[in-house]
Protein chains: 2
Amino acid sequence: MDADHAVTALGALSHASRLAAYRSLVQAGEDGLSVGELRDQLELPPATLTAHLNVLRAAGLVSDERQGRVIRVRADYARMNALLAYLTENCCAGDACTPERGCAPKPTRRSKP
Amino acid sequence: MDADHAVTALGALSHASRLAAYRSLVQAGEDGLSVGELRDQLELPPATLTAHLNVLRAAGLVSDERQGRVIRVRADYARMNALLAYLTENCCAGDACTPERGCAPKPTRRSKP
DNA sequence: TCGATAATTCCAGAATTATGGAAGTGTGTC
DNA sequence: GACACACTTCCATAATTCTGGAATTATCGA
């Protein structure tokens, strides 16, 4: 994950409809959801939903697979984890903060020695 | 963290200059950086940097404190962790995925019983 | 082949966001 | 007070993103 990819992914998620769609997919797990199921949940016109899905696709946050007439969409967990890791990379000036543990710098450590 | 706050935070980070600024602050740790230090790193005109900082401030991702003539800016780790948690909330249909561990659903589990 | 269903692309007007020069607000120093 | 410095606000232009109707593509079943 480099800066450009991160910006693209964050931009893709920074819209109420797209974030809602993405979260539904994350919560749906590996089976994902069909575009129609997403449409029912979000109540968006088809063209609008497709436009949003295209943004998520371009960002690599979801993948899809045609199954007959329906297209099944899934969240890409690897990419999500890479994004989360990027945001916290080398955080807190080495003060024992990791993506696993969360970031919480020690309460006191001023610059003056 | 609700959907609106998450969208605002993600939107704030979805810009190359703001993401770079935020990551610098995350990596700087609790001491943060002054606006001038950020300006030197990012090489942006003052008005442009201020506009970006205002977006990060409005999203609650950074806080600042005036110290004499300089303004010191810090990343808000609590808010960052809340955002990361929101993205992975209830993920993977309960298949043992947590923000701590990352999301990696089991390879096979189709819907058909 | 024909019709129905699922989803997409095309397109253009509406809305939002980005950029940075010029002017303004605090703050410290002489 | 007068000046320099650090940063902000104001504002107008430019650039990007959003939205959804209409037309199009793809698949399935009869």
Side-chain angles (χ1 to χ4, degrees), chain A residues 3-25 28 31-75 111, chain B residues 3-25 28 31-75 111:
Chain A
D4 278 355
H5 288 131
V7 167
T8 303
L10 291 163
L13 294 173
S14 68
H15 182 288
S17 300
R18 287 197 297 265
L19 182 58
Y22 183 71
R23 269 169 50 93
S24 286
L25 292 171
D31 286 340
L33 296 170
S34 69
V35 174
E37 287 169 332
L38 277 173
R39 206 195 65 76
D40 291 344
Q41 277 190 27
L42 303 174
E43 298 186 300
L44 293 174
T48 303
L49 177 54
T50 292
H52 287 320
L53 285 176
N54 282 341
V55 175
L56 291 170
R57 285 163 178 149
L61 288 168
V62 305
S63 61
D64 41 45
E65 179 191 357
R66 183 176 274 276
Q67 292 182 345
R69 258 186 301 204
V70 308
I71 291 177
R72 191 149 283 274
V73 188
R74 294 183 182 81
S111 301
Chain B
D4 278 355
H5 288 130
V7 167
T8 304
L10 291 163
L13 294 173
S14 68
H15 183 288
S17 300
R18 286 197 298 266
L19 182 57
Y22 182 72
R23 269 168 53 93
S24 285
L25 292 170
D31 287 339
L33 296 170
S34 69
V35 175
E37 287 169 331
L38 277 174
R39 205 194 64 76
D40 290 343
Q41 278 190 25
L42 304 174
E43 298 186 298
L44 293 174
T48 303
L49 177 54
T50 293
H52 287 320
L53 285 176
N54 282 341
V55 174
L56 291 171
R57 285 164 179 146
L61 288 168
V62 305
S63 61
D64 42 45
E65 181 191 356
R66 182 176 274 277
Q67 290 181 347
R69 256 187 303 205
V70 309
I71 291 177
R72 189 150 285 275
V73 188
R74 294 183 182 83
S111 300

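Side-chain atoms are counted along with the backbone in the values below, which use heavy atoms only and exclude waters and symmetry mates. Chain naming here is simple, since letters A, B, ... match the order of the sequence lines and numbering starts at 1 in each.
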* Contact list for residues 33-56 of chain B, test salt bridge (Lys or Arg N to Asp or Glu O under 4.0 Å), sequence neighbours left out -> none

* Structure fact -> A:H52 meets the side chain to side chain donor-acceptor pair (under 3.5 Å) criterion, sequence neighbours left out, with A:R18

* To do: Using the side chain to side chain donor-acceptor pair (under 3.5 Å) rule, collect all pairs that involve residues 54-63 of chain A, keeping only residues at least two apart or in two chains.
  => A:N54-A:R57, A:R57-A:D64

* Expressed in angstrom and rounded to an integer, what is the separation of B:L49 atom CG from C:dT19 atom C1'? -> 13 Å

* **Footprint string (nucleotides 14-19 of chain D, 5' to 3'): B base within contact, S backbone only, - free, heavy atoms under 4.0 Å** => ----SB

* Got a sec, which pairs hit side chain to side chain donor-acceptor pair (under 3.5 Å) with one end in residues 3-12 of chain B, sequence neighbours left out? -> B:D2-B:H5

Any N/O pairs under 3.5 Å between the protein and nucleotides 28-30 of chain D? List them or say none.
none

* Asked: Under the salt bridge (Lys or Arg N to Asp or Glu O under 4.0 Å) test, which residues partner B:E65, sequence neighbours left out?
  -> B:R74

* side chain to side chain contact (heavy atoms under 4.5 Å, CB included) partners of B:A75, counting only residues at least two apart -> B:Y22, B:L25, B:V26, B:Y77

* Overall bend - the helix from C:dT1-D:dA30 to C:dC30-D:dG1, comparing terminal axes fitted on five pairs, nearest 10 degrees -> 30°

* Could you tell me which residues satisfy side chain to side chain donor-acceptor pair (under 3.5 Å) with A:T50, sequence neighbours excluded, listed by chain and number? => none

* Structure fact -> Residues passing the salt bridge (Lys or Arg N to Asp or Glu O under 4.0 Å) test with A:R23, sequence neighbours excluded, are B:E89

* Within residues 33-43 of chain B: residues closer than 4.0 Å to DNA chain D (heavy atoms) -> B:S34, B:V35, B:G36

